[in-house]
Amino acid sequence: MSTISEKIFSKASGKDVKANEFVMAKVDYAMAHDGTSVLAVRSFKNMGLDNVWDPKRIVIPFDHLTPANTETTAALHHDIREWIGEQGIPNFFDVGEGICHQVLPENGFAMPGKLVVGADSHSCTYGAFGAFGTGVGATDMSEIFASGELWFRVPETIKVTASGELKKNVLAKDVTLKVIGTVGASGATYKAAEFYGDTIADMSISGRMTLSNMAIEMGAKAGIVPPDQKTFDFLEGRAVEGYEPVYADEDAEYCAEYDIDCANLEPQVALPHQVDNVCDVSEIEGKKVDQVFIGTCTNGRLEDLEVAAELLKGEQVAVRTLVIPASRSIMLEAVRNGTAEILLDAGVTLGSPGCGPCLGGHMGVIGEGEVCISTANRNFKGRMGKGGFIYLASPATAAASAITGEITDPRTV
Ligand SMILES: CC(C)[C@H](C(=O)O)[C@@H](O)C(=O)O
Ligand code: SF4
């Protein structure tokens, strides 16, 4: 009678464990990006060790401030590149390859049953593939670099069941925002979430990644979708090693259960400055925006760009609109299949793959009092620029709002 998390931690710690037990777990893959590797590497060096535990199990994408925005960033990038070379870490993804949470799954590091730990809070994205994906701080990451292990408290699990067929232009992001609005920003703190129901089964891999990505926005350690044929198909020819799917037992114990009706779901918007401040788009329609941002590890995938292109085809954007693909391969596909051309024709600014202005670092920061509708996962005060206001929505709602210059229901354009 175990949950997916209990089973993954049992395997990773080599003994049968239950929720709330403390374990030392073996990590399958460890990730740090340009933002967090700096501290992780510094702390690793302070330990006085020469070599990391296993270079092949460490993955380092550069994504947060890429291409480098300042001389300081360029110097930090330089130092980390050098360390990666010294350690012989083969899985290094340099400037322009894309956002860590896109790069790891694309390259087959997120697999069912694995424990994948990243020095980034949205590492829960890997749950979309049935992995226990979770974020840790940079000094915890240095422990993993050193030993390949870390301690955890096995989380209790909440069960979220989403049912019903989504209406056109109601997307996985709307389901995700609805779930977070229902559970609350701290409703799943230190718990894992397991996602069930026909809405999830019908979701594409891309949609499931959006859902798992935002599990941390309700406090969850992990947000896991049980793997199915779509998962296996995605991993075919991609998975870097063999894997064993893990499922919960029928009588697994959940600490809370939530049922989400998606048949009547409207597009959702999270209002500033809290992610769980969620309402139907109809309640906020007409709110003027200064900038539209489509991208990030939440919604920068090909499917998201295509949804935007479908709405923007033959139209002109009314406000500055930024589209940043989550990876180079997504951008390449968007160029090849004509999506990029439609977006550029509509007046969109296309940025190089990476986090872009999500964290307020560069490439589209907003000014005092400005409003941005964004497909990202966080709308915290000041995140995209001091004094700015961030509204979170789906790529369809963002694209519809780009056409009108105000928050718009994508079903009306
Ligand atoms: C910079 C990094 C530590 C941070 C995170 O952990 O999430 C960032 O990716 C974010 O989205 O806020
Ligand atoms: S895209 Fe945004 S949320 Fe995702 S890793 Fe980058 S900064 Fe964090």
Side-chain angles (χ1 to χ4, degrees), residues 30-43 59-66 69 73 76-77 80 93 95-106 110 116-128 133-142 173 176 180 185 206 209-223 270 273-275 293-301 304 322-328 330-331 351-366 372 374-385 390 392 395 398:
M31 184 281 290
H33 50 65
D34 55 341
T36 51
S37 57
V38 176
L39 282 174
V41 168
R42 194 172 299 161
S43 158
V59 188
I60 305 193
F62 277 6
D63 54 0
H64 275 65
L65 289 173
T66 58
N69 59 336
T73 303
L76 291 172
H77 283 176
I80 297 301
F93 299 90
V95 172
E97 285 301 314
I99 308 171
C100 51
H101 308 311
Q102 183 61 28
V103 166
L104 264 73
E106 266 180 16
V116 185
V117 182
D120 187 282
S121 63
H122 295 105
S123 304
C124 46
T125 310
Y126 318 136
T134 200
V136 298
T139 38
D140 280 335
M141 185 48 68
S142 68
K173 179 62 163 289
T176 305
I180 292 162
S206 177
M209 287 172 75
T210 302
L211 178 66
S212 292
N213 175 269
M214 290 189 69
I216 183 65
E217 307 311 332
M218 49 186 186
K221 284 289 277 183
H273 302 286
Q274 272 170 236
V275 183
F293 173 35
I294 299 173
T296 79
C297 55
T298 315
N299 276 121
R301 280 172 279 282
D304 304 319
L322 200 55
V323 175
I324 302 192
S327 72
R328 184 171 59 83
I330 291 170
M331 188 163 191
S352 68
C355 299
C358 177
L359 196 60
H362 62 158
M363 289 212 297
V365 173
I366 53 176
C372 178
S374 161
T375 64
N377 47 33
R378 284 188 177 147
N379 57 356
F380 303 159
K381 201 170 191 172
R383 182 170 166 93
M384 286 183 74
I390 307 167
L392 304 177

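Ligands are counted one by one from 1 in listed order, and the atoms in each one are counted from 1 as well.
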Exercise for the section: State, yes or no, whether a side-chain contact exists between Leu392 and Val275 at a heavy-atom distance under 4.5 Å. Expected result: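 Yes, their side chains come closer than 4.5 Å.
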Exercise for the section: Determine whether the side chains of His77 and Asp34 contain a donor N or O and an acceptor N or O closer than 3.5 Å. Expected result: yes
Completion exercise
For Met141 and Gly118, the nearest pair of non-hydrogen atoms, with its separation, is CE-C, 3.7 Å
Problem - Minimum heavy-atom distance Pro357-Phe293, with the two atoms named - result: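 Nearest heavy atoms, Pro357 then Phe293: CD-CZ, 3.5 Å.
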Practice task
Mark the output for Arg383 as yes if a heavy-atom distance to ligand 2 is under 4.0 Å, and as no if none is.
Solution key: yes
Completion exercise
Protein neighbours of ligand 1 with a heavy atom under 4.0 Å, given by chain and number, are His33, Thr36, His64, Asp120, Ser121, His122, Leu359, Arg378, Arg383
Problem - Positive for side-chain contact (heavy atoms from CB on, under 4.5 Å) with Ser352, one of Met363, Met331, Arg328 - result: Met363
Problem - Option passing side-chain contact (heavy atoms from CB on, under 4.5 Å) with Arg301 (candidates Pro105, Pro395, Ser206) - result: Ser206
Exercise for the section: Find the distance between OG (Ser121) and NE2 (His101) and round it off to the nearest 0.5 Å. Expected result: 6.5 Å
Exercise for the section: With 2.8 Å as the limit, jot down which protein N, O or S atoms are around atom 6 (Fe) of ligand 2. Expected result: Cys355 SG
Problem - Worked verdict on Asn377 versus Thr298 for side-chain hydrogen bond (donor to acceptor under 3.5 Å, both in side chains) - result: CA-CA 6 Å; Asn377 47 33; Thr298 315; 3.0 Å; yes
Practice task
Only counting residues at least two apart or in another chain, list the ones meeting side chain to side chain contact (heavy atoms under 4.5 Å, CB included) with Glu106.
Solution key: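 Here the qualifying residues are Gln102, Arg238, Ser327, Ser329, Ile330.
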Practice task
Within a distance under 4.0 Å of any heavy atom of Asn377, pick out the atoms of ligand 2 and give their elements.
Solution key: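 In order of number, 3 (S).
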Exercise for the section: Could you tell me which residues satisfy salt bridge (Lys or Arg N to Asp or Glu O under 4.0 Å) with Arg383, sequence neighbours excluded, listed by chain and number? Expected result: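 Arg383 satisfies salt bridge (Lys or Arg N to Asp or Glu O under 4.0 Å) with no other residue.
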